[in-house]
Structures are given as structure tokens and as C-alpha cells.
Amino acid sequence: MSSGTRTLVSPLTLARPRGKALYWTVFTAVVLLFALAFLFPVYWMITGAMKSPDEVTRTPPTLVPQAWHLSGYTDAWDLMDLPTHLWNTVVQAAGAWLLQLVFCTAAAYALSKLKPAFGKLILGGILATLMVPAQALVVPKYLTVADLPLIHTSLLNDPLGIWLPAVANAFNLYLLKRFFDQIPRDVLEAAEIDGAGRLRTLWSIVLPMSRPVLGVVSIFALVAVWQDFLWPLMVFSDTDKQPISVALVQLSQNIQLTVLIAAMVIASIPMVLMFLVFQRHIIAGISAGSTKG
């Protein structure tokens with residue numbers, strides 16, 4: 001019995017000119033279909049903002065605008081006050097990302113390498129929160145933010161109302177802990193022999209080795225805040241402090257469809273740019289998570 005890997009098309013068939021031509025034809029067609037499925041909605045959204053209000057609602061729709069209008073983007077930028085809402089979103093996402101990175105990394109490092117008492121019980125309790133639907137936590141979170149225990153301060157219409165709940169992210173904490181578990185113990189013991197304390201070991205040894213998973217956690221943290229709608233809607237009643245996800249809905253009632261589409265295009269640009277910057281870290285983080293230390 002042959003021990004080689006069995007494939008749908010035999011290597012002998014692929015080695016023939018006709019087999020190669022058929023293979024590359026099918027491969028190219030599949031890649032083009034997938035690219036079309038993912039990129040066509042983006043193209044439709046970008047070009048839809050450049051059509052006239054009558055053309056964008058026409059049936060059947062036009063694939064290419066009959067006349068290219070950039071006024072939709074300029075009107076969206078001015079009429080919907082996008083700079084203010086984009087800046088609000090950046091402040092809320094950046095603060096949530098920074099606090100989450102600091103506290104989740106510290107907690108994951110402690111649970112993974114410091115081995116505290118009842119560490120497994122604490123980790124189990126943290127992971128148990130993943131079983132609770134997010135919608136079930138909205139009311140308790142709102143009551144807590146509206147009247148913070150002990151100090152009795154309201155965090156409504158304050159970025160802290162977004163930052164503090166975002167810190168308690170059980171999934172990212174577990175992701176970091178699993179990565180820290182794969183770091184060889186010998187590396188940390190060598191740092192201890194050199195006189196490095198726990199904090200210095202985390203800063204100088206563990207964090208530089210954890211860049212891939214930190215990139216993945218950063219993506220998850222930023223995207224979660226950027227695309228969230230329900231929680232910012234409850235926290236921010238002041239329109240001038242609302243993020244872009246809430247403002248697009250609140251201000252869309254008396255706005256033309258082309259202007260609204262243009263606003264959605266502008267709102268999606270930061271996330272696309274962030275993915276392009278962090279895509280290498282995402283791939284590295286996924287591959288690093290599948291290897292053993």
C-alpha cells in the first residue's frame with residue numbers, strides 16, 4: 001500500500017501540459033470569484049457615494065456612475081461633522097486598547113508565570129464569563145457606570161464609561177495567557193539568574209517575544225470598540241461626544257442616501273488602514289498560537 005498523500009488530481013496528471021493548464025484555469029477562476037465576492041460590496045459602496053441621489057436608487061442599478069460626483073464625501077464630512085465623531089471614536093478606542101493591553105497582559109502574566117494561589121480557580125471564573133450573553137450584561141454594566149460603587153460617580157458621557165468595561169475582556173486575557181504558557185521556563189530562569197525581577201522580566205523578555213499575540217489582541221480590542229453600537233449609545237446621550245458608529249445612525253434621518261454611504265466609507269477607512277498595518281502581526285500571531293514552546 002502506498003504511503004504517499006492521496007489528492008483529488010494525481011501528480012502525474014498535473015505534470016502534463018493539459019493538466020497544468022486545467023489546474024491553473026480552475027485555480028484562477030476560484031481566486032477571482034472569491035476576490036469578487038469580497039471586493040464587490042466595497043466597490044459598490046465607494047461608487048454608490050459618487051452617484052446622484054436619483055441614480056443610486058434606480059432599478060436596475062448601474063454598475064458604473066453615469067456622472068462622478070465627489071460632493072457626497074465633502075457633504076458627509078461637513079454636514080455630519082465627521083471629524084468630531086471620528087476623533088471621539090479614536091479617543092475611546094485608543095483608551096480602551098491601552099488599558100486592556102496593560103491590565104490583561106499583567107493578569108495573564110501573573111496567571112501564567114507567577115502561579116498565584118487559587119490561580120486556576122480565578123482563571124475558571126474569568127472564562128465562565130464568556131458563557132454569559134453580552135446582552136445580559138448591558139443592564140448591570142449601565143447601572144454600575146451610572147453610579148460607580150463606593151465613590152458614587154457617574155461615568156455617563158465620559159470616555160471612562162467605554163474604557164473601564166473594555167478592560168474586562170476574558171477572551172483576550174486567555175489568549176495572552178496561552179501564549180505566555182508557551183514561553184520556555186528556561187528563558188525566565190536565565191533572566192532571574194541575571195538579577196532581573198518579575199517586572200523587568202515581563203518588560204524586557206516576555207513582551208518583546210509576545211509581539212505577534214499583542215498585535216492580535218490590539219486588533220480585537222480596537223475593532224470591538226470601533227464597531228460597537230449599543231453600549232456607546234447608552235453611555236453617550238450628548239451628541240457631540242458620540243462615536244462614529246452611533247452618530248451615523250443618529251444623524252442619518254434627514255441626510256441623503258449618497259451622503260450617508262459616503263460617511264460609511266469614510267468611517268471604514270481607519271479600520272482598513274489598521275488591518276493593513278497589523279496584518280503581518282495577525283498572521284504571525286495565528287501561527288505562533290499553533291506552535292508549542
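- Listed here is the closest heavy atom pair of Val138 and Trp231: O-CZ3, 3.8 Å.
- Between the side chain of Thr129 and the main chain of Leu127, no donor-acceptor pair closer than 3.5 Å is present.
- Taking the side chain to side chain contact (heavy atoms under 4.5 Å, CB included) definition, one finds that Asp158 meets it with Leu160, sequence neighbours left out.
- When every heavy atom of Pro140 is checked against every heavy atom of Thr144, the shortest pair comes out as O-OG1, 2.8 Å.
- Of the possible donor and acceptor atoms, none in the side chain of Ser154 sits under 3.5 Å from a partner among the backbone N and O of Asp147.
- Put simply, the side chain of Asp238 never gets that close to the backbone of Asn157: no donor and acceptor are under 3.5 Å apart.
- A donor-acceptor distance shorter than 3.5 angstrom exists from the side chain of Ser245 to the backbone of Asp228, with no hydrogens or angles considered.
- Scanning for side chain to side chain contact (heavy atoms under 4.5 Å, CB included) contacts around Glu192 gives Arg185, Arg198, with sequence neighbours left out.
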- Task: Go through the steps for Leu175 and Phe180 under the test side-chain contact (heavy atoms from CB on, under 4.5 Å), then give the verdict.
- Result: CA-CA 9 Å; Leu175 194 65; Phe180 292 160; over 6 Å; no
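- Remark: Ile151 CD1 is packed, more than 12 non-hydrogen atoms of other residues, nucleotides or ligands lying under 6.0 Å away.
- For residues 38-60, the pairs satisfying ring pair (Phe, Tyr, Trp, His ring centres under 6.0 Å) are Phe40-Trp44, with sequence neighbours left out.
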- Message: Before you tell me yes or no, could you show the steps for Arg58 and Gln66 under side-chain contact (heavy atoms from CB on, under 4.5 Å), namely the whole-Å CA-CA distance, both residues' side-chain angles and the distance that decides it to 0.1 Å?
- Response: CA-CA 12 Å; Arg58 184 180 303 171; Gln66 295 178 348; 2.9 Å; yes
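- Using modelled atom types, one finds a donor on one side chain and an acceptor on the other under 3.5 Å when comparing Gln100 with Asn172.
- Phe220 meets the ring pair (Phe, Tyr, Trp, His ring centres under 6.0 Å) test with Phe171; sequence neighbours excluded.
- By the rule that hydrophobic residues join a cluster once side-chain heavy atoms approach within less than 4.5 Å of another member, Val246 and Leu260 end up as members of separate clusters.
- Interatomic distance, CD1 of Ile46 versus CD1 of Ile266, reported as 11.0 Å (0.5 Å rounding).
- Residues satisfying the ring pair (Phe, Tyr, Trp, His ring centres under 6.0 Å) criterion with Trp77, sequence neighbours excluded, are absent altogether.
- Contact record, Ile205 with Leu188: CG2-CD2, 4.4 Å, taken as the closest heavy-atom pair.
- Between Thr47 and Val64, the closest side-chain pair of non-hydrogen atoms is not below 4.5 Å.
- The shortest non-hydrogen separation linking Asn169 to Cys104 is O-SG, 4.0 Å.
- Looking at heavy atoms from C-beta onward, Leu101 lies in side-chain contact with Ser218 at the 4.5 angstrom threshold.
- Within the 4.5 Å cutoff, the side chain of Val272 has no heavy atoms near those of the Ile269 side chain.
- In terms of modelled atom types and a separation under 3.5 Å, the side chain of Ser210 and the main chain of Val213 share no donor-acceptor contact.
- Between Ile162 and Gln92, the shortest heavy-atom contact is CG1-OE1, 4.0 Å.
- Contact of the Thr105 side chain with the Leu214 side chain is registered, since non-hydrogen atoms from C-beta on lie closer than 4.5 Å.
- Between the side chain of Thr28 and the backbone N or O of Thr25 there is no donor-acceptor pair closer than 3.5 Å.
- Asn88 places a side-chain N or O within 3.5 Å of a backbone atom of Asp240 that can act as its donor or acceptor partner.
- Panel note: side chain Asp75, backbone Val259; no donor-acceptor pair is recorded below 3.5 Å.
- Counting non-hydrogen atoms of other residues, nucleotides and ligands closer than 6.0 Å to CH2 of Trp226 gives a total above 12.
- Between the side chain of Thr57 and the main chain of Asp54, a donor-acceptor pair closer than 3.5 Å is present.
- The nearest pair of heavy atoms linking Leu155 to Val235 is O-CG1, 4.1 Å.
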Mind listing the side-chain donor-acceptor pairs of residues 114-126 below 3.5 Å, one per line with the distance, residues two or more places apart or on another chain?
unit_1: Lys115; atom_1: NZ; unit_2: Ser112; atom_2: O; d: 3.2

